[in-house]
Amino acid sequence: MSNAVPVITVDGPSGTGKGTLCGFLTDWLGWHLLDSGAIYRVLAQAALDSGIPLEDGRSLSVLAARLDLNFKQEPGGIRVMLDGADVTDAIRTETAGAAASRVAALEPVRTALLAMQRDFCRPPGLIADGRDMGTIVFPEARLKLFLTASPEERAKRRYKQLKQKGISVNLHDLSTEIKQRDARDTGREISPLRPAPGAIVIDTTDLDAGEVCNRVVALVQSTYHKIPLKNRQ
Ligand code: DC
């Protein structure tokens with residue numbers, strides 16, 4: 001990891017608008033994107049496929065080290081490839097999210113995935129999306145963001161997102177799952193979800209995606225004013 005490569009960390013629970021913001025920042029700045037949640041989801045999916053129990057940290061860390069995972073940049077967005085197969089949509093289900101949250105609570109798993117995540121830090125820069133990007137993976141990042149939103153608003157957003165993707169869910173079940181996942185992600189001993197020291201917290205409950213992006217554009221410009229920005233608007 002090089003300190004010369006600029007990193008923006010974007011942490012927070014699901015449904016706060018991290019994905020939309022990170023997609024915007026990646027396009028705007030022309031930097032790389034690390035979707036760390038996708039890595040935990042792929043590992044959980046690979047474990048389910050190969051019958052490895054989701055609490056077996058040792059076997060999961062071996063699986064993590066062998067993971068044949070690739071992110072393919074395509075015109076419609078980034079595709080996630082596991083063993084050459086496109087798993088982008090398969091890993092977006094709530095089942096995969098819950099399984100990811102379980103494997104993510106295990107210390108051997110987090111340790112096994114650390115180097116893989118840091119390897120994404122390459123010129124011209126990196127947008128790192130996750131739960132512990134600012135606290136553990138890239139603590140030296142100059143701009144650290146932490147998005148929050150009310151649980152009700154987050155459940156509604158996830159519901160809409162999943163429906164648009166043709167995935168049928170029940171709002172009440174979704175709300176319960178979100179609360180369980182939050183409790184696991186914030187309550188775990190290793191790398192719990194919390195704002196990094198110095199992180200700027202943005203509550204997106206009453207903001208639309210454009211308003212969040214505008215606020216962050218101003219923060220990026222004041223933090224990185226000496227760095228030439230590609231695709232500047
Ligand atoms: O962001 P996401 O919903 O795709 O993440 C799925 C789960 O993975 C999330 O509930 C917790 C875990 N995760 C994590 O522990 N650390 C990260 N940096 C990213 C995700």
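At a threshold of 4.5 Å between side-chain heavy atoms, the hydrophobic network of Ile, Leu, Val, Met, Phe, Trp and Tyr places Leu34 and Met81 in two separate groups. In this structure, Leu193 is not a member of the same hydrophobic cluster as Ile39, with clusters built from ILVMFWY side-chain heavy atoms closer than 4.5 Å.
Looking at every heavy atom in both residues, Gly84 comes nearest to Asp68 through N-OD2, 4.3 Å. Pro124 and His32 get closest at one heavy-atom pair: CD-NE2, 4.0 Å. Smallest separation of non-hydrogen atoms from Leu54 and Ala99: CD1-CB, 3.7 Å. The two residues Arg41 and Ile91 come nearest to each other via the heavy atoms NH1-O, 2.7 Å. A pairwise comparison of heavy atoms in Arg92 and Ala38 identifies NH2-CB, 3.7 Å as the closest pair. For Ser50 against Leu63, the heavy-atom pair with the smallest separation is OG-CD2, 4.4 Å.
For the side chain to side chain contact (heavy atoms under 4.5 Å, CB included) criterion with Leu67, the lone passing option out of Val62, Asp83, Leu43 is Leu43.
Screening residues 168-210 for ring pair (Phe, Tyr, Trp, His ring centres under 6.0 Å) gives no qualifying pairs among residues at least two apart or on separate chains.
For Thr204 and Arg157, the side-chain atoms include at least one donor-acceptor pair closer than 3.5 Å. Of the N and O atoms on the side chains of Thr176 and Gln180, not one donor lies less than 3.5 Å from an acceptor on the other residue. No donor-acceptor contact under 3.5 angstrom links the side chains of Arg181 and Ser101, judged on distance only.
Two residues are said to be in side-chain contact when any heavy atoms from C-beta on lie closer than 4.5 Å; Phe146 and Ile200 fail this criterion. Contact of the Leu126 side chain with the Pro6 side chain is not registered, since no non-hydrogen atoms from C-beta on lie closer than 4.5 Å. Counting heavy atoms from C-beta on, the side chains of Val10 and Leu147 come closer than 4.5 Å. Between Thr135 and Lys144, the closest side-chain pair of non-hydrogen atoms is not below 4.5 Å. For the pair Ile8/Leu145, a side-chain contact is recorded, criterion being any heavy-atom separation below 4.5 Å from C-beta on. No side-chain heavy atom of Thr16 sits less than 4.5 Å from a side-chain heavy atom of Glu153. Side chains of Met116 and Leu69 form a contact here, defined as non-hydrogen atoms less than 4.5 Å apart. For the pair Tyr224 and Arg142, the minimum side-chain heavy-atom distance is below 4.5 Å.
Side chain of Thr26 to main chain of Cys22: a donor-acceptor pair is present (N/O by atom type, distance under 3.5 Å, no hydrogens or angles). Side-chain atoms of Ser61 come within 3.5 Å of backbone atoms of Arg58 as a donor-acceptor pair (strictly under, hydrogens ignored). Thr223 places no side-chain N or O within 3.5 Å of a backbone atom of Leu143 that could act as its donor or acceptor partner. Side-chain atoms of Ser222 come within 3.5 Å of backbone atoms of Leu219 as a donor-acceptor pair (strictly under, hydrogens ignored). Under a 3.5 Å cut-off, the side chain of Arg110 and the backbone N or O of Ile190 do not form any donor-acceptor pair. A donor-acceptor pair under 3.5 Å links the side-chain atoms of Asp208 to the main chain of Gly210, judged by distance alone. Thr205 contributes a side-chain N or O that, together with a main-chain N or O of Ser150, makes up a donor-acceptor pair within less than 3.5 Å. Ser191 contributes no side-chain N or O that, together with a main-chain N or O of Asp132, makes up a donor-acceptor pair within less than 3.5 Å. Lys18 contributes a side-chain N or O that, together with a main-chain N or O of Gly12, makes up a donor-acceptor pair within less than 3.5 Å.
Other residues, nucleotides and ligands contribute more than 12 heavy atoms inside 6.0 Å of the CD atom of Glu74. Under a cut-off of 6.0 angstrom, the local environment of CG in Asn170 is crowded, with over 12 non-hydrogen atoms contributed by other residues, nucleotides or ligands.
Distance check, rounded to the nearest 0.5 Å: OG1 of Thr93 to NZ of Lys165 gives 10.0 Å. A distance of 12.0 Å separates CZ in Arg118 from CG in Leu113, rounded to the nearest 0.5 Å. Interatomic distance, Arg102 CZ to Leu60 CG, rounded to the nearest 0.5 Å: 10.0 Å.
Evaluation of the side-chain hydrogen bond (donor to acceptor under 3.5 Å, both in side chains) rule for Gln117 yields no partner, not counting sequence neighbours. Every salt bridge (Lys or Arg N to Asp or Glu O under 4.0 Å) that Arg154 has, sequence neighbours left out, goes to Asp182.
The existence of a salt bridge linking Asp11 and Arg131 is excluded, since no basic side-chain nitrogen approaches an acidic carboxylate oxygen closer than 4.0 Å. Between Glu177 and Arg158, none of the side-chain N atoms (NZ, or NE/NH1/NH2) sits under 4.0 Å from a carboxylate O, so this pair counts as no salt bridge.
Not less than 6.0 angstrom separates the ring centroid of Trp31 from the ring centroid of Phe120.
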